[in-house]
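Worksheet: one structure, shown below.
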Amino acid sequence: MHDLTSGTDQLALIPLFVAIEPRDPRGEADLPIEAIEHVPAATVAEVADVLGQLGIPADLMDGAVLGAPGWVVARTVGWSDGRLVRWAPDENPVDGPYPTLSSDDVAAYLARALDVACRISSDLEIPGETPGDDAVGLVIEARAGAVVGRIRSTDVPRLAYLTGSDLWFTQVDGVSVIAGVEPTTDLEAVVTSPTSSPTIGLERNGPWRRMGLVQSGRMITAHEWGPRWFRIDPSEGHDPSSDVLQLVDEYFEVPTADADEIVQQFDLSPVQAVHLAALLDDADSDDPFTELMRLLGLPVEAAEVAEGWLPPADLPDVRRVAAQPLVRALWSSVTTVPTEPGRMNDLQRLWIERPTAYWVLAGAEVVLCAAGAAVALRRPAAETSRGRRVLGRTLAVLAVLNAADLALPRRLRGLGR
């Protein structure tokens, strides 16, 4: 999605973030930090005015909201070569479907117009070093995430293969909690894994929290809590339906959940439905994940992991599932001891753990199949009916397979892991 063919190059549409630093009057002089206090920082309105002059549609936020007073942060979209898209109806695009400006040109123009340093990158991160003695080092998009739902333990090796990353897995009161070993792991393949019951993905991205409700692999609804951005319309309302403006709107569209869908999926009472609606309307909720988990009767440990408060390695009875090549991942799924109830899970546990009764029954099956094959095939082929020959060969194959299964060592059945 969002790919563009320009000549022979493949360009992808990506988010680009602009970080406007606080004004610093010290320069090269050895002045104390107090010297900066009397110099006003660039304001959201000033940055909006300059970006509007450049025709760049963007979202703006005061850095104080993000814990970085004095900064102003903007977000827009551009191409992977660093060019920002522009609203410029009187200009003809030179490279691609929209007029653009390079990141360097935009940063230089902002620096001259505002008399302040400016940085543009594809990551929303305030640099760790600023002019002077103080270090900011605020990574606004520090990530954490978790998936909670009734995902079978035997499916986790396959999910680790799909994500391409190691996963942490545990079950709390029969409900699975899955997180990436690396905080930046993309858990989309996990949350969209088809299950018979609803699955919820939780993700914290800096001060923003997002939840997604998935049923049978299909996204039902999603919601985001967190600070709201201030939108710049360089057309000043004269061309709100412009393709460029809509491009930015759609890229950064904030999902708002349908409370009725959640109520229906989790069979909530009328009182719980009222509490859910209030939670979804509270954009500034301090701890929406925990409130949501309690409301839906799901493990609050998932909320703590998604918030980054609880390392997933510290979850009770947690195990690490390594990402493996496809064949090995599928075999790991077969040799994983299920932790859920159910007839198929009981059979899989029986095959892996093999109590005495299993050896007796499997040994008897080998003997009976071998004996049946010998009886069915004891006459010369010319005197044996076709159906009898097929039966004999089938029984012989079953005898060989059962014997090979009995010889399968514990290590290959997953008991050596």
Side-chain angles (χ1 to χ4, degrees), residues 144-163 165-183 185-204 211-217 220 262 265-268 287 289-324 328-353 413-417:
V147 177
V148 57
R150 299 192 180 276
I151 298 174
R152 298 178 68 239
S153 55
T154 53
D155 288 339
V156 182
R158 176 180 59 84
L159 297 176
Y161 161 75
L162 292 176
T163 59
S165 301
D166 292 3
L167 301 175
W168 292 111
F169 170 80
T170 191
Q171 288 182 322
V172 180
D173 298 329
V175 180
S176 300
V177 178
I178 301 177
V181 172
E182 296 296 330
T185 299
D186 185 354
L187 298 173
E188 180 181 359
V190 179
V191 73
T192 57
S193 175
T195 57
S196 58
S197 58
T199 300
I200 289 184
L202 304 174
E203 182 184 32
R204 177 171 183 175
M211 65 78 63
L213 173 63
V214 176
Q215 170 68 41
S216 301
I220 301 297
I262 302 176
Q265 291 292 334
F266 287 90
D267 194 23
L268 300 183
D287 190 8
F289 288 165
T290 300
E291 292 184 52
L292 182 66
M293 293 296 98
R294 287 175 177 162
L295 190 60
L296 302 182
L298 297 173
V300 295
E301 288 84 352
E304 294 174 356
V305 169
E307 285 284 1
W309 301 333
L310 174 65
D314 293 342
L315 286 166
D317 301 322
V318 72
R319 62 185 177 89
R320 179 170 177 164
V321 181
Q324 305 175 83
R328 291 176 59 187
L330 293 177
W331 183 252
S332 292
S333 294
V334 173
T335 57
T336 294
V337 179
T339 55
E340 306 87 7
R343 183 168 298 176
M344 292 301 296
N345 293 330
D346 291 340
L347 291 174
Q348 186 166 344
R349 278 191 292 268
L350 182 68
W351 179 79
I352 295 172
E353 296 174 347
R413 299 201 310 271
L415 296 180
R417 289 198 292 265

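These numbers come from the heavy atoms of this one structure, side chains and all, not from hydrogens, waters or symmetry mates.
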Legend entry - Contacts of T192 that satisfy side-chain hydrogen bond (donor to acceptor under 3.5 Å, both in side chains) - sequence neighbours left out: none
Inset, instruction - Determine the sole option in L159, V156, V214 for which the side chain to side chain contact (heavy atoms under 4.5 Å, CB included) test with S193 is passed. - result: L159
Legend entry - Where A302 and A146 come nearest, the two heavy atoms and their spacing: O-CB, 3.6 Å
Legend entry - Where G201 and V191 come nearest, the two heavy atoms and their spacing: N-CG2, 3.4 Å
Inset, instruction - If a pair satisfies side-chain hydrogen bond (donor to acceptor under 3.5 Å, both in side chains) and one of its residues is in residues 297-309, list it, with sequence neighbours excluded. - result: R204-E307, R209-E307
Legend entry - Those residues that, when tested against V318, pass side chain to side chain contact (heavy atoms under 4.5 Å, CB included) (two or more places apart): W168, T170, L315
Inset, instruction - Working to the nearest 0.5 Å, report the span between OG of S332 and CZ of R158. - result: 13.0 Å
Legend entry - Pairing residues for S165 by the side chain to side chain contact (heavy atoms under 4.5 Å, CB included) criterion, not counting sequence neighbours: T163, T185
Inset, instruction - Spell out, as yes or no, whether a donor-acceptor pair under 3.5 Å connects the side chain of R150 to the backbone of G174. - result: yes
Legend entry - Under 3.5 Å: donor-acceptor pair, side chain of S333, backbone of D155: no
Inset, instruction - Check G180 against P312 and note the closest heavy-atom contact, atom names and distance. - result: O-CG, 4.2 Å
Inset, instruction - Determine the minimum heavy-atom distance between A189 and L162, stating which atoms define it. - result: CB-CB, 3.8 Å
Legend entry - Residue list, side chain to side chain contact (heavy atoms under 4.5 Å, CB included) with T195, at least two apart or on another chain: I151, T199
Legend entry - Residues which pass side chain to side chain contact (heavy atoms under 4.5 Å, CB included) with L298, listed by chain and number, not counting sequence neighbours: V148, V175, I200, F266, M293, L296
Legend entry - Results of side-chain hydrogen bond (donor to acceptor under 3.5 Å, both in side chains) for D186 - residues two or more places apart only: none
Legend entry - pair L187-L167: side-chain heavy atoms closer than 4.5 Å: yes
Legend entry - Set of side-chain hydrogen bond (donor to acceptor under 3.5 Å, both in side chains) partners for E188, sequence neighbours left out: none
Legend entry - Residue pairs passing the salt bridge (charged side-chain N to carboxylate O under 4.0 Å, His left out) test where at least one lies in residues 309-322, sequence neighbours excluded: D166-R320
Inset, instruction - With sequence neighbours excluded, tell me which residues meet salt bridge (Lys or Arg N to Asp or Glu O under 4.0 Å) with E291. - result: none
Inset, instruction - Starting at CG of D287, measure out to CG of L292 and round the result to the nearest 0.5 Å. - result: 10.5 Å
